[in-house]
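Note sheet for the following structure.
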Amino acid sequence: MRAVMQAYSKKREISAQECVTRVCGIKMKKCSRSVVFVSTDDNPVKMSRPMSYLETTTHDSCNIWMTSLTDKYKCRPETPEYEEMSLADFAALCRLVSGPNEGKDVLPLLNQLGFVQRRKNDKPAIIRYYHCSQEKDPEQYYGRLLRLYLPHRSEQELKPQGFQTYQSFYNSGCVRLPCSDHSESVKRVVKRNKDKYEKNSEDIESALEEFEQNRDVVIDEWCNLAPESEVVRLQCDENLPERHSDDENEQENVPDYSRQSDAVTEIRAIREQPAVDPAVVRVMYQNLNQKQACVFYAIRDWCIQRVCGLNPDPFFFYINGGAGTGKSHLIKCIHSEASKILSRLPANAEEADISNPTVLLTSFTGTAAFSINGSTLHSLLKLPRSLNPPIQGLGNQLDEVRSELINAEIIVIDEISMVSKPLFAYVDARLKQIKGTQRPFGGMSVLAVGDFYQLPPVRQSKPLCVYDPEQIDLWQEHFQMITLTEIMRQKDDVAFAEMLNRIRIKEKTDELSQCDRDLLSQAVTAPEECPIEVLHIYATNKNVESHNTDTLKKLHSNIIIITADDFQKDKRTGRMARRDKPFTGGRNDLPDTLNVAEGARVMLTRNLDTLNGLVNGAFGILIKVVRSENDGQIIKLGLRMDNRQSVRNTRSANAASDDLVYIERAEENLKFKGAVRR
Ligand SMILES: Nc1ncnc2c1ncn2[C@@H]1O[C@H](COP(=O)(O)OP(=O)(O)OP(=O)(O)O)[C@@H](O)[C@H]1O
């Protein structure tokens with residue numbers, strides 16, 4: 001009840017099922033801003049307004065119900081973009097905000113129902129809705145289709161006069177959308193919008209059905225690969241305490257918003273995951289070298305024990321090894337196998353919930369995170385930019401992060417050499433908060449991977465391997481080191497690879513052998529002989545900038561200078577006002593000016609969207625400079641990225657019609673108090 005009241009007091013809209021679930025103390029299935037439940041019922045459950053509000057109304061007032069997402073959708077702004085929007089789009093692509101100053105492009109809803117904003121850089125929310133059978137309950141089925149996918153402002157528009165049923169309107173009705181000059185069949189409009197969310201729903205349903213029918217005879221392909229491990233797994237299975245039928249029913253008690261006993265399953269829009277061909281994965285496992293296999297099997301056995309309910313202690317492994325010794329390769333194998341096994345944990349087996357990972361893949365930089373299909377530590381755990389103590393909790397974001405990481409059992413941290421001690425302490429504290437336990441790393445197992453001879457933490461922070469007797473040292477205390485030694489990358493130039501490994505462990509003052517000197521000299525090209533188009537690497541940003549400026553001038557005549565838009569509070573009005581001239585920003589701020597040219601090669605220097613490869617270090621070519629129609633100001637840049645995957649994924653969210661990724665102005669606080677730069 002306290003939780004319900006807290007939600008009320010924060011004026012958050014709270015669904016009936018969340019109330020019931022909280023009041024009964026039942027585990028919540030899913031509730032976060034990234035997953036939105038859309039009611040598609042003819043007669044949805046309504047929540048009354050809080051008592052404090054009702055006491056201030058008159059006896060005959062009708063304004064006694066909390067407004068739902070559907071009510072707000074019907075009162076969406078009357079702009080062309082919103083007019084054409086289906087309820088599904090509204091739920092997935094927009095966020096409801098409390099006031100007009102909550103960010104860019106906030107528009108008021110009609111009838112003073114609040115404010116709405118398009119989700120811009122964020123991923124669309126996953127929408128969930130009650131799914132019913134077309135055969136058993138056609139009227140409810142077609143009503144749901146129309147409500148979700150036909151743009152409307154009232155219930156009457158979903159079953160207009162002259163149509164007895166939703167089904168007849170769906171099959172033979174026509175509509176003219178507000179911004180269109182012609183009529184279209186209802187079926188067509190629904191199909192167009194439905195395809196964005198349920199494209200493969202029929203295939204998924206039949207696959208699920210097939211899986212359910214064959215559940216007991218599904219063959220674990222692992223038996224063919226590693227029979228000994230399979231025997232251990234089967235023994236563990238035998239040791240499992242039998243599940244009581246009461247336990248089975250527990251989940252069914254969780255309100256699912258279905259009022260019928262024959263309710264089928266919920267269908268959710270599925271986030272695309274990179275598909276890994278099982279045949280490729282099998283070859284990867286089989287080719288692991290001895291050391292890699294040793295770690296792989298240790299973790300695999302741990303997962304099996306976990307699934308068998310044997311409660312093994314969390315493991316803390318540190319995989320160390322020089323460049324090209326197969327660390328990332330090992331991470332991919334472990335992630336694939338551990339996720340597969342851990343999905344059988346009773347808590348996860350209920351539904352194949354791909355948005356709730358069991359193994360978290362993280363890294364310090366966006367580039368490394370993208371290369372293992374993971375996220376940066378900062379974005380996953382919502383860490384602040386400054387890691388200075390005291391450690392800040394997650395505050396309002398706790399529910400959201402907790403619901404995303406609820407099933408996480410293992411966290412993989414790549415590039416561990418770049419993780420500073422304060423960052424590691426933050427990760428430990430965050431996981432403790434998220435998992436609600438004081439055990440180290442919230443009771444999760446940690447696989448740290450990296451090479452302390454590679455990049456250290458930024459800005460002179462000490463790496464984890466430097467022991468500090470003054471502080472509690474999570475690293476020394478818990479982690480067991482395993483070193484990979486076989487170089488897997490330069491198999492065809494073993495001599496060069498071995499030389500790199502010898503240099504790796506040298507002190508600055510150690511002499512190089514003549515043989516290594518000769519080998520290195522062969523690989524050196526004088527700077528003036530380097531082709532201009534190859535990647536140049538310098539030790540400092542200053543050198544990089546000077547090289548870039550010179551090269552841009554040499555190769556392009558159409559240079560455009562983009563100036564930062566800086567805003568500062570006007571002392572008289574108290575409002576943010578745009579400055580005529582930008583400030584001189586600091587080293588870590590967004591640049592004061594940016595020199596670009598159409599056709600120039602560019603590299604991103606911020607992580608914009610790690611999952612889609614728009615990360616610091618990603619390359620592309622600037623194709624289009626887009627200006628505002630009103631004042632001619634440059635508003636975005638269209639890039640053709642080298643990594644075509646970025647285009648495919650970002651396009652589905654932005655619906656752009658070309659093959660470019662559009663980068664809009666980013667907004668960050670400047671180091672001057674209250675100043676904002678775009
Ligand atoms: N067991 C293996 N069988 C076949 N190829 C492998 C194996 N292990 C690694 N490789 C390949 O060797 C190359 C280097 O491996 P990987 O990138 O995993 O090394 P790394 O230790 O992460 O390197 P770095 O520290 O430079 O990031 C990759 O192309 C990878 O696919």
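Remember, it's 1-based here, ligands and their atoms both numbered in the order they're listed.
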Check your understanding: Is any N or O atom of Gly324, backbone or side chain, closer than 3.5 Å to an N or O atom of ligand 1?
Key -> yes

For [atom], what's the nearest protein heavy atom and its distance?
| atom | result |
| --- | --- |
| atom 30 (C) of ligand 1 | His329 ND1, 4.0 Å |
| atom 16 (P) of ligand 1 | Gly326 CA, 3.8 Å |
| atom 22 (O) of ligand 1 | Ser328 OG, 2.8 Å |
| atom 27 (O) of ligand 1 | Arg489 NH2, 4.0 Å |

Check your understanding: By number and element, which atoms of ligand 1 are closer than 4.0 Å to a non-hydrogen atom of Asn287?
Key -> 1 (N), 2 (C), 3 (N)

**Study point:** Ligand-residue contact atoms, ligand 1 with Gly322, heavy atoms, under 4.0 Å
**Key:**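 Taking each heavy atom of Gly322 in turn, ligand 1 has 21 (O) under 4.0 Å.
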
Exercise for review: Please report the closest heavy-atom contact between Glu409 and Leu342, naming both atoms and the distance.
Suggested key: CB-CD1, 3.8 Å

Point to revise | Gln290 atom CD, neighbour heavy-atom count above 12 within 6.0 Å | key: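 Counting neighbours around CD of Gln290, 12 or fewer heavy atoms of other residues, nucleotides or ligands fall under 6.0 Å, so no.
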
Review point. With a cut-off of 6.0 Å (strictly less than), are more than 12 heavy atoms of other residues, nucleotides or ligands near NZ of Lys506?
Key: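 More than 12 heavy atoms, drawn from other residues, nucleotides or ligands, come within 6.0 Å of this atom.
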
Practice item. Identify which of Lys327, Met488, Gln286, Gln290 has a heavy atom lying nearest to atom 11 (C) of ligand 1. Key: Met488

Exercise for review: Report yes if some heavy atom in the side chain of Thr325 is under 4.5 Å from a heavy atom in the side chain of Met488; otherwise report no.
Suggested key: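 No, side chains not in contact.
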
Review point. Would you call Leu288 a ligand 1 contact, heavy-atom distance under 4.0 Å?
Key: yes

Review point. Using a heavy-atom cut-off of under 4.0 Å, does the side chain or the backbone of Gln292 touch ligand 1, or both, or neither?
Key: side chain

Review point. Knowing that exactly one of Tyr318, Phe479, Phe317 qualifies, which makes a side chain to side chain contact (heavy atoms under 4.5 Å, CB included) with Leu447?
Key: Phe317

Practice item. Over 60° means perpendicular and under 30° means parallel, so classify the ring planes of Phe316 and Phe441, tilted if in between. Key: tilted

Check your understanding: Got a donor-acceptor contact below 3.5 angstrom from the Lys435 side chain to the Ala408 backbone?
Key ->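 Yes; at least one donor-acceptor contact below 3.5 Å.
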
